[in-house]
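Lettering of chains follows the sequences in order, A, B, ..., and the numbering in each one begins at 1. Only heavy atoms go into these numbers, but all of them, side chains included; no hydrogens, no water, no symmetry mates.
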Amino acid sequence: MKESNEQETVLHARNVHKTYGSKGGAQQVLKGIDLRVLRKEFVGIMGPSGSGKTTLLNVLATIDRASDGAIFIDNEDISTMSSAALSAFRRNKLGFIFQDYNLLDTLTVKENILLPLSLGKISKQRAEREFTAIAEVLGIRDLAHKYPYEISGGQKQRTAAGRALIHQPSIVFADEPTGALDSKSASSLLSVMDEVNRNRGVTIIMVTHDPVASSYCNRVVFLKDGKIYSELYRGEKSRQSFFKDIIDVQAVLGGDHIDGI
Amino acid sequence: MTVFDLALRSMRQNVKQYYLYFFALIFSMSLFFVFASLQHDTQVQRLLESSVNFSAAFQSAAVLLVVIIGIFTMSSNRIFLRRRSREIGLYQLIGLSKGWAARYLLMENLLLGLGALFAGILCGALISRLFVLILLELLHLDGMPAIDFSLPAAIETTFVFILVAVITSVQIITMIYRSTLLHLFQADRQPDLSSQSPTILTAIYAVLGIVLIGYGYELSGRMVDEQLVMNALLVMAATITGTYILFRVTIRWCFTWLRRRKNGHLGLYNSLSLAPLMHRMKGNANSLTLITVLSALTITLVTMAYSFYYSAEQDTRMAIPYDFTFENNPQDAQAFTADLESSGIPFKHYTVEAVRTTGVIHNPLDPADSREGSLLWLPAEQLQRAGGQLSVPAFGEAVEYDAWAQNAYDDIDLSGRYPTLIDLQSESQTKSYVLKELKVENLVNFDISGKQLAVSEATLDEIARRMSGTEHFEKVQIAAYLISDQAELALASSLYEKYRPDQYTATDFYSSYQTTLQTSGLLIFIAAFLGLSFLASTGSILYFKQMTEAEQEKQSFRTLRQLGFDEKMIMKGIMRKQMVVFLLPLCIGMLHSFFAVRAASFMIISDITIPTIISVGVYAAIYILFALFTLGYYRQVVNKALLL
């Protein structure tokens with residue numbers, strides 16, 4: 001891998017503000033966020049409840065619009081796009097993993113995973129190959145024809161991960177992906193995400209309140225009161241020592257990291 | 001706070017949730033009130049007294065109406081209760097007893113019902129006047145209707161309300177006492193998701209559904225015989241059961257097969273149509289069957305009634321080709337001619353010299369079944385001169401004319417009975433004539449007795465020569481009148497009245513036509529009224545059901561929007577689903593009614609293609625309106641889906 005490739009910016013947010021409500025009772029949730037994410041990075045966003053991390057993710061993921069500021073993904077300015085263009089953009093360039101899976105419960109695992117390919121121009125053979133490869137990595141090949149209600153939470157979340165990856169998006173956004181999982185399923189999902197990030201070079205931006213989860217990242221961004229408080233890079237550290245660093249920052253950050261535990 | 005207060009309060013807050021159920025109740029109540037008002041209207045009552053058929057028709061329509069109101073309120077109450085099951089569960093979760101929840105819901109139901117009763121009567125009182133106007137217009141009766149608020153109608157409506165209130169209360173009580181808390185919290189998201197593969201048994205069932213329907217159709221084509229009632233019941237049982245199996249098993253089976261072939265590559269549109277449909281088919285089989293059967297019933301009813309009305313003139317004309325006739329009564333004919341002339345009514349007058357004999361007509365299908373009867377031999381040449389559209393048969397040949405032939409025999413297909421032979425027995429020998437074919441119309445008015453047989457004048461002369469002197473031989477002189485100006489028909493008919501041989505049955509064209517028109521006018525009014533109620537009920541049931549499904553699928557829509565599928569794409573998939581949900585029962589219902597109308601069409605002489613197309617078209621158009629409403633609701637849900 002070349003150095004220049006490694007340094008390519010895939011997402012660039014400049015001075016992003018988000019305000020909810022009208023003038024009188026307006027509540028500023030994001031107060032000027034600057035963030036640059038490089039291709040193949042695995043970035044964690046942490047912060048106490050109310051710090052704006054989910055709002056930031058929604059704004060970056062084009063599900064919500066910023067009140068002010070500019071966001072570039074793949075050098076396209078998404079803050080000026082029409083909502084139809086945004087839909088197309090999400091469909092083609094982004095992948096999503098949600099806390100409560102958001103699988104369609106009338107579709108099988110395979111049907112759920114193949115959904116993002118449905119309106120593209122990908123041949124059935126290629127889609128099939130793509131599915132087999134991803135299901136293999138995620139360890140859900142045998143579940144292809146099961147319905148969501150027949151499988152465990154961890155398996156559901158891997159299905160969701162498969163759906164987020166199948167169309168080879170530029171960025172995968174994950175919103176508390178381990179929030180509803182037991183620790184064993186959580187760590188196995190995180191390992192899979194780590195593996196996908198390393199081997200397939202997928203850029204991942206993950207919101208989490210769990211220091212264990214964020215210790216899998218290359219970099220963790222801490223938010224406080226709608227602003228970036230600090231950043232931690234893992235570098236060559238082991239996961240364990242990175243985990244300790246994260247805990248330390250969290251202690252300084254105060255707030256409550258109890259909100260989901 | 002008392003239960004009463006809470007019920008009142010929650011009603012005010014939840015009008016949006018309630019308005020559909022409330023609307024359904026109001027609609028039912030006003031519908032019945034209008035119907036009851038009509039029944040008690042003096043003008044309509046005078047009509048009813050004039051004919052036993054009228055009041056019988058009205059009474060059976062009232063029963064049907066109550067039945068449909070019952071079905072409708074039950075279905076909408078069930079849907080409504082399911083939508084609120086979480087709320088009911090919540091009451092119990094915070095420690096209120098089942099008894100309390102039941103009392104609360106019953107109170108609320110009663111309040112809603114009473115509100116609907118008053119609103120319904122009010123609406124009904126306002127529009128019943130309009131309905132009487134339509135009725136009188138259809139019956140061609142003049143005079144402004146003076147319909148006042150009808151107290152007896154209000155009382156009857158109240159009785160229906162009590163019936164509805166009792167039914168829905170029982171529903172509420174059983175629902176509350178039967179369901180567990182878990183049930184209540186899951187009731188709104190329960191598609192059937194079993195992924196077990198279809199067995200051989202399912203396949204057998206799937207085929208059985210189609211076989212049953214096919215059998216019903218086949219039997220309907222030959223059911224008009226001695227066991228008509230038995231056959232009709234059998235046809236209905238077979239088609240209804242078949243329809244149910246079709247929805248519950250066959251269609252689901254087809255969907256499963258289709259889906260399996262996709263092998264996971266379902267795509268967005270099928271994910272929004274095929275998948276949810278497949279999982280809800282089992283639960284929806286009941287209502288889809290109900291809707292199909294009601295659609296079939298309505299279309300058949302309306303089509304038949306409209307066809308009667310539409311073909312009233314033509315059918316009457318086929319049975320009564322001449323406006324007036326006199327048989328062997330030259331004095332009266334002459335007097336009538338004088339009457340017409342003195343009134344200045346332009347007319348054409350013809351005289352036809354025919355003979356009447358007895359004879360035997362053979363049945364080529366069954367040699368033992370030969371019928372002896374009175375035969376009226378009519379000279380074709382003279383009839384041609386008298387304006388008749390017929391060709392002259394060859395010497396020794398006859399053509400039978402009978403407008404009601406389809407009612408005369410048990411079998412509908414009469415072609416096997418022709419050509420055949422007619423034996424005429426004179427003193428010494430028997431001579432046979434060829435009866436070539438049957439034409440479904442009359443040559444002379446039906447009151448001139450005897451089977452109408454057209455022959456050439458030469459044949460007629462021979463028959464008269466050979467048969468004169470036999471026991472039943474008779475020369476028949478027919479004086480026939482055609483009034484040139486249709487506007488003078490009513491006046492002419494009143495002049496004819498004093499010569500009428502039978503004071504009770506009208507034999508002239510105009511009087512018969514008026515009677516038919518009134519009967520069929522009333523028939524079409526009742527049919528349209530019932531049809532409209534059925535249609536509104538079926539449409540509403542589907543609409544309510546789809547609304548609930550839309551709510552249940554909200555999360556899916558949101559996920560899809562987040563994944564980057566825009567509203568248009570999602571709506572395209574939903575449209576596909578709605579096509580199936582609405583069009584499947586409509587098409588199957590239309591197919592059912594096609595066979596039903598075909599089986600019943602022997603009652604009408606004229607071709608009924610045009611009235612059939614018109615009534616089916618009107619039905620489908622109103623029905624599609626409900627589909628459009630539903631799509632509008634879905635669009636709203638999809639639109640709002642992305643808002644958190």
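- Annotation for B/Y205: atom OH does not count as buried by contact number, only 12 or fewer foreign heavy atoms lying within 6.0 Å.
- Across every non-hydrogen atom of A/T106 and B/A275, the tightest pair is O-CB, 3.6 Å.
- Residue contact with chain B, scored on non-hydrogen atoms closer than 4.5 Å, involves the side chain of A/F98 exclusively.
- Contact of the B/M569 side chain with the A/L119 side chain is registered, since non-hydrogen atoms from C-beta on lie closer than 4.5 Å.
- Heavy atoms closer than 4.5 Å to chain B are found in the backbone of A/A88, but not in its side chain.
- Minimum interatomic distance between B/D566 and A/S87 (heavy atoms only, all atoms of both residues): CB-OG, 3.5 Å.
- Shown are A/L104, A/D100, A/L103; of these, the side-chain contact (heavy atoms from CB on, under 4.5 Å) with B/T559 is made only by A/L104.
- Distance alone, capped at 3.5 Å, is enough to place a donor-acceptor pair between the A/R90 side chain and the B/R561 backbone.
- Interface residue B/L560: only side-chain heavy atoms are found under 4.5 Å from chain A.
- Here A/L115 is the residue among A/V109, A/L115, A/T108 with the most heavy-atom pairs under 4.5 Å with chain B.
- At most 12 non-hydrogen atoms from other residues, nucleotides or ligands lie less than 6.0 angstrom from CZ of B/F629.
- Checked against a 6.0 Å centroid threshold, the rings of B/H265 and A/F131 do not count as neighbours.
- One N or O on the side chain of A/S118 and one on the backbone of B/L268 form a donor-acceptor pair closer than 3.5 Å.
- For the atom pair B/S556 OG and A/D105 CG, the distance stands at 5.5 Å (nearest 0.5 Å).
- Residues forming a salt bridge (Lys or Arg N to Asp or Glu O under 4.0 Å) with A/D77 (at least two apart in sequence, or on another chain): none.
- For the residue pair A/K124 / B/N263, no side-chain donor-acceptor distance below 3.5 Å is found, with atom types taken as modelled.
- Proximity to chain A is limited to the backbone of B/K262, based on heavy atoms less than 4.5 angstrom apart.
- Scanning all heavy atoms of the two residues, the minimum distance from A/F96 to B/Q562 falls at CE1-O, 3.1 Å.
- A salt bridge links A/E111 and B/R259; the closest N-O separation between the charged side-chain nitrogens and carboxylate oxygens is under 4.0 Å.
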